[in-house]
Number of protein chains: 2
Amino acid sequence: MSGPAKGAVSKSRQQSRDADATKARILDAAEEEFARNGLLGARTEDIAAKTGVTKAMIYYYYHSKENLYQAVLERALVSRIRQAQEINIDSLGALEALKTLVIQIVDNSSKNTNLPKIMLYEAIQNKGKYYKEVGAVSWYGVLIKILERGMATKVFRKLDPTHTAVNIVGLCVFYFCARENIKHLWPGQNLLGEEMLEQHKQDALDFIVAGVRA
Amino acid sequence: MSGPAKGAVSKSRQQSRDADATKARILDAAEEEFARNGLLGARTEDIAAKTGVTKAMIYYYYHSKENLYQAVLERALVSRIRQAQEINIDSLGALEALKTLVIQIVDNSSKNTNLPKIMLYEAIQNKGKYYKEVGAVSWYGVLIKILERGMATKVFRKLDPTHTAVNIVGLCVFYFCARENIKHLWPGQNLLGEEMLEQHKQDALDFIVAGVRA
DNA sequence: GTCTATAACCTGATAGAC
DNA sequence: GTCTATCAGGTTATAGAC
């Protein structure tokens with residue numbers, strides 16, 4: 001705290017011994033490991049190996065595996081929540097706002113397949129213990145508001161906004177979460193390839209729009 | 001192998017020492033444990049405790065944890081696949097057949113929440129290694145056939161049957177898999193209570209029917 | 001068929017040198 | 001800040017008595 005200012009990086013080179021860089025690299029590796037195996041199954045040894053440091057560094061920076069897990073969750077969720085909240089329902093209208101959010105979900109899930117998996121692990125393995133603490137529920141608030149707006153303006157049919165919000169998310173992310181199971185339905189295809197992703201996005205959009213429209 | 005025939009259970013009492021009963025009880029306990037923690041995270045000690053026998057019995061009957069896991073998967077899936085294949089698309093028509101299958105999914109998922117979780121663990125943790133071996137893909141064949149029939153008879157809109165099938169399943173089961181995360185959306189409500197389940201079933205049905213109809 | 005005991009291994013976390 | 005070494009606890013799987 002009383003050392004040289006963070007911004008003043010005047011030393012010639014410091015490939016190693018860079019706290020912030022190391023912390024970020026640990027977070028990246030941890031996110032992938034937690035997505036693969038969950039909080040319980042994740043191995044700190046593997047996270048360290050993927051980061052390129054030793055296990056001790058993880059405990060030096062994050063004190064415990066659980067603590068590291070929460071840091072991963074928070075970093076991943078905060079940006080998504082903000083992104084969703086930036087959608088302007090008033091200017092877009094309910095239908096366009098819904099489409100925008102659905103595209104956000106699908107694009108984020110394909111650009112980084114870790115978060116959907118982590119969220120499901122969180123639900124099944126940890127019973128949502130850390131989910132609430134991060135305020136992830138507020139993300140659903142955006143979607144629910146869009147659905148309510150659509151009902152009010154008669155663009156959407158009469159529906160239960162909360163249940164429908166959950167169902168929409170399930171429709172969007174199941175493709176990514178169950179990917180390794182359902183891949184046999186498309187032999188020889190890469191489910192994360194450009195054409196398949198575009199197809200999923202379009203099919204999800206069509207389905208959802210048809211499903212909620214008045 | 002050369003002992004008394006299996007059917008001839010003439011001994012007075014055998015509350016313990018009943019191979020078939022013990023094996024079945026182990027399978028029940030294992031299914032729950034695998035649903036909670038996946039193949040990797042499941043503890044044979046816990047399965048034994050829940051069964052009421054010792055850990056050694058599990059290895060006596062199933063040889064390994066992996067073997068037990070496959071037995072659980074097979075037992076759970078075979079009945080579901082048969083149940084789905086019994087739907088008569090010709091006599092019901094595409095729309096009614098679809099509704100019937102959706103109700104099967106939701107009812108099965110609420111009567112036994114283990115299978116959806118195990119399937120997701122299987123995909124994420126095991127990369128679908130055991131999924132294919134059990135022939136689970138054939139379950140999707142039923143749903144895909146229903147969707148194709150509906151398109152042919154102009155009851156359903158033009159859609160990609162495979163993608164839509166996956167999306168329908170996701171819409172149905174996400175509610176159960178993410179339950180512990182999304183429960184905060186309904187404070188004080190039991191998501192597996194009768195009213196909530198009925199609501200989810202109806203919302204899923206309405207959404208899906210509206211989403212695929214011509 | 002069921003149990004007890006134990007082998008062989010792995011993992012989270014810490015201490016202490018540099 | 002980063003590493004090596006290590007402990008304490010827990011896990012799969014087996015051997016052998018009953």
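What you see below is based on every heavy atom in this structure, not just the backbone, and it leaves out hydrogens, waters and symmetry mates. Within every chain, numbering begins at 1; the chains are lettered A, B, ... in the order of the sequence lines, protein sequences first and strands thereafter.
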Using atom CG of Asp18(B) as one end and atom P of dG1(C) as the other, report the distance to the nearest whole Å.
9 Å
Taking atom NE2 as the centre, does His184(B) end up with more than 12 heavy-atom neighbours from other residues, nucleotides or ligands that are less than 6.0 angstrom away?
yes
Between atom NZ in Lys23(A) and atom C1' in dG1(D), what is the gap in whole Å?
13 Å
Could you pull out the protein-nucleic contacts involving nucleotides 13-18 of chain C (nitrogen or oxygen on both sides, under 3.5 Å)?
residue	atom	partner	partner atom	Å
dA13(C)	OP2	Tyr59(A)	OH	2.8
dA13(C)	OP2	Lys65(A)	N	3.0
dA13(C)	N6	Lys55(A)	NZ	3.0

Decide yes or no for Ile168(B) and Leu98(B): does some side-chain heavy atom of the first lie under 4.5 Å from some side-chain heavy atom of the second?
yes
Angle between ring planes, His163(B) versus His200(A), binned at 30° and 60°: parallel, tilted or perpendicular?
parallel
When the nearest nucleotide of DNA chain D is assigned to Leu40(B) and to Met57(A) on a heavy-atom basis, which residue is associated with the more 5' position?
Met57(A)
Rounding to a whole Å, what distance do you find between Asn37(B):CG and dT11(D):P?
10 Å
Given dG1(D), dT2(C), dC3(D), identify the nucleotide with an atom nearest to the side chain of Thr54(A).
dC3(D)
Any side-chain N or O of Tyr60(B) under 4.0 Å from OP1/OP2 of dT14(D)?
no
Short side-chain donor-acceptor distance under 3.5 Å, Asn126(A) and Tyr69(A)
yes
So, is Arg43(B) near the phosphate of dG10(D), with a side-chain N or O under 4.0 Å from OP1 or OP2?
no
Of all heavy-atom pairs linking Leu197(A) and Tyr175(A), the shortest is CD2-CE2, 4.4 Å
Between P of dC3(D) and CD of Glu45(A), the distance in whole Å
12 Å
Please give, in whole Å, the distance from dG1(C) C1' to Ile58(B) CD1?
14 Å
Shortest non-hydrogen contact between Tyr131(B) and Tyr140(B), atoms and distance:
OH-CE1, 3.5 Å
Rounded to whole Å, the OH-P distance (Tyr62(B) to dA13(D)) equals 15 Å
State whether a side-chain donor-acceptor pair under 3.5 Å links Asn108(A) with Gln83(A).
yes
In this structure, how many angstroms lie between the P atom of dG1(C) and the CG atom of Asp20(B), rounded?
9 Å
